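Each ligand, and each atom within it, is numbered from 1 in the order the structure gives. Quick caveat, the model's predicted, so the values are computed rather than measured.
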Amino acid sequence: MSVDLRTRYLGLDLRSPIVASSSPLTATPAAARRLEEAGAAAIVLPSLFEEEILNEELQLNRSLEAGTEQFAEALDYFPAIEAFPGVGDRYLEGLARTKAQVSVPMIASLNATTQGGWVRYARLMQDAGADALELNLYHVAADPTTTAADREQTDLDLIAAVRASVTIPLAVKLSPYYSALANFAALADGAGADGLVLFNRFYQPDLDLETMEVVARVELSRPGELRLPLRWIAVLRPQLGSHVSIAATSGVHSGADVIKALMVGADVAMTTSALLRNGPTHLRAIETEMVEWLEEHEYESVAQLRGSATQASVEDPSLFERGNYMTALRSWATPPDLVTA
Ligand SMILES: Cc1cc2nc3c(=O)[nH]c(=O)nc-3n(C[C@H](O)[C@H](O)[C@H](O)COP(=O)(O)O)c2cc1C
């Protein structure tokens, strides 16, 4: 008997719940094809960053203005803008080429913190063939004059602006640092998000003690990092209507991790670090392990398993909340010689 792996995410029918999340592994048509061959049910492209677009527009404006200020006949010196495809154009072109070569759904990604003219790229991504959009809300709330409510409102306005500019499904990739996440998740739904991607992984700066400089270092995730999305998906799944899709991301390294994500109510599990570490074919190994587990435990489908361990369906719901804290600390078996007086 073969297990039915099909799932729905953002209204898209997927052959399995394993999705390749946004990373350099999805950056070219050839790389995306490799992921598709390894069984990826959908592919999220790397993000197009607001800063990249804004910097480019700024530089273009500067070069145009530099000419106009100096010469009356400056119009003659205007560079042919269309002759220099910018970062946004390259992104759209790459998306269209990948879409032409890959048959699984392609999800384009926008990384932004503010509303602005660049939001038009959402529509351009749709026109270039994206099956859905992922809006990556990555920010560090370091301004002491900005309240949590201000910050959340900026995010909600951005979700609404992107929602208004496209008709394809919209997922929002959130950080785990909202002070009232359950409330914000409901508001994101109200602002037009069709799905939540939980969670964005923040890359913390480090210090290089030789050069005395701050360095940006990306470290791949460890499997234990899945616990944060697991808790929150278990909590949010029963609260959000079934019209809101949920993707688990951070720490999905194995078939067992995908099973856990599904049990707490995720529609898909996304993976990157495990593929960067082991190569794109690791995706096939994740699927094989997931199928073996489902068969061993006599599940006929992914749908049958999904949501079997949400906060609403487990015997002790407090395990997903504060109750778990004390139990976890008390359960640590400290060696007796470390605690004797
Ligand atoms: C090298 C690298 C590049 C990434 N680039 C993006 C990106 O452009 N946009 C995005 O939303 N996430 C990006 N991510 C985050 C991943 O999509 C994913 O959410 C995160 O790594 C957690 O999943 P994992 O534990 O499976 O790695 C990147 C991750 C890595 C390691």
Side-chain angles (χ1 to χ4, degrees), residues 9-10 17-28 31-32 35 38 40-53 87-88 90-91 94-95 98 106-113 121-122 125 130 132-140 155 158-159 162 170-177 193 195-206 215-230 232-233 246-261 266 268-280 282-283 285-287 289-290:
Y9 175 60
L10 303 174
I18 308 172
V19 170
S21 53
S22 182
S23 85
L25 281 176
T26 64
T28 64
L35 288 167
I43 292 171
V44 189
L45 295 183
S47 299
L48 178 59
F49 285 81
E50 175 184 347
E51 292 89 336
E52 287 179 307
I53 303 169
V87 64
R90 287 197 300 278
Y91 188 96
L95 163 60
T98 306
M106 302 293 315
I107 302 172
S109 168
L110 267 181
N111 189 319
T113 57
Y121 276 93
M125 286 172 171
L133 264 194
E134 192 175 280
L135 175 62
N136 180 345
L137 297 177
Y138 189 110
H139 48 69
V140 177
D155 286 350
L158 180 55
I159 296 170
V162 175
L170 172 66
V172 180
K173 193 169 183 178
L174 296 181
S175 94
Y177 301 128
L196 301 180
V197 183
L198 306 172
F199 289 110
N200 222 335
R201 208 166 152 260
F202 275 38
Y203 299 97
Q204 319 296 356
D206 198 2
V215 285
R217 270 202 186 116
V218 172
E219 274 173 26
L220 301 181
S221 69
R222 289 164 290 103
E225 290 180 40
L226 178 64
R227 295 208 198 159
L228 186 63
L230 278 188
W232 277 106
I233 295 169
I246 300 184
T249 175
S250 281
V252 175
H253 287 236
S254 66
D257 295 334
V258 178
I259 297 283
K260 289 178 188 176
V268 293
M270 296 184 167
T271 181
T272 281
S273 289
L275 306 184
L276 284 169
R277 195 171 278 132
N278 305 307
H282 183 66
L283 205 140
I286 295 178
E287 180 175 320
E289 192 189 319
M290 173 186 72

Looking at ligand 1, would F202 count as a contact under a 4.0 Å heavy-atom criterion?
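No, F202 has no heavy atom closer than 4.0 Å to ligand 1.
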Only heavy atoms of T271, strictly under 4.0 Å: list the atoms of ligand 1 that pass.
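So the answer, numbered in order with elements, is 26 (O).
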Considering only heavy atoms of K173, which atoms of ligand 1 have at least one such atom less than 4.0 Å away?
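Contacts of ligand 1 toward K173, numbered from 1: 10 (C), 11 (O), 12 (N), 15 (C), 16 (C), 17 (O), 18 (C), 19 (O).
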Side chain to side chain, [X] and [Y], heavy atoms closer than 4.5 Å:
X	Y	value
V258	V252	yes
L198	P176	no
V172	D155	no
E134	M270	yes
V87	F49	no

Hey, can you tell me if Y177 and F202 have their rings parallel, tilted or perpendicular (30° and 60° cut-offs)?
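Perpendicular, since the angle between the ring planes exceeds 60°.
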Going by heavy-atom distance to atom 26 (O) of ligand 1, choose the closest among L275, V19, T272.
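Of the listed residues, T272 has the closest heavy atom.
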Residue and atom name of the nearest protein heavy atom (relative to [atom]), distance in Å to one decimal:
atom	answer
atom 22 (C) of ligand 1	T249 OG1, 3.5 Å
atom 25 (O) of ligand 1	S221 OG, 2.5 Å
atom 8 (O) of ligand 1	S47 N, 3.0 Å
atom 1 (C) of ligand 1	P24 CD, 3.7 Å
atom 7 (C) of ligand 1	S22 OG, 3.1 Å
atom 29 (C) of ligand 1	Y203 OH, 3.1 Å
atom 11 (O) of ligand 1	N136 ND2, 2.4 Å
atom 27 (O) of ligand 1	S273 OG, 2.5 Å

Has R201 got a side-chain atom pairing as donor or acceptor with T249's backbone, closer than 3.5 angstrom?
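Between the backbone of T249 and the side chain of R201 there is no qualifying donor-acceptor contact (under 3.5 Å).
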Using the rule side-chain contact (heavy atoms from CB on, under 4.5 Å), only one of S22, S109, S175 pairs with N136; which is it?
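Option passing the side-chain contact (heavy atoms from CB on, under 4.5 Å) with N136: S109.
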May I ask you to check if ligand 1 and G251 share an N or O to N or O distance below 3.5 Å?
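Yes, since at least one N or O of G251 sits under 3.5 Å from an N or O of ligand 1.
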Would you say R201 has any N or O atom under 3.5 Å from an N or O of ligand 1, going by distance alone?
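It does not: no N or O of R201 is found under 3.5 Å from an N or O of ligand 1.
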Looking only at heavy atoms, is any part of E225 under 4.0 Å from ligand 1, and if so is it the side chain, the backbone, or both, or is it neither?
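It is neither; nothing of E225 touches ligand 1.
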Answer with side chain, backbone, both or neither: which part of L276 has a heavy atom less than 4.0 angstrom from an atom of ligand 1?
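Side chain only.
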Between S21 and T272, a side-chain donor and acceptor under 3.5 Å
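A pair is found: one side chain offers a donor N or O, the other an acceptor, under 3.5 Å apart.
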So with a 6.0 Å cut-off around CZ of R222, is the heavy-atom count from everything else above 12?
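No, not enclosed.
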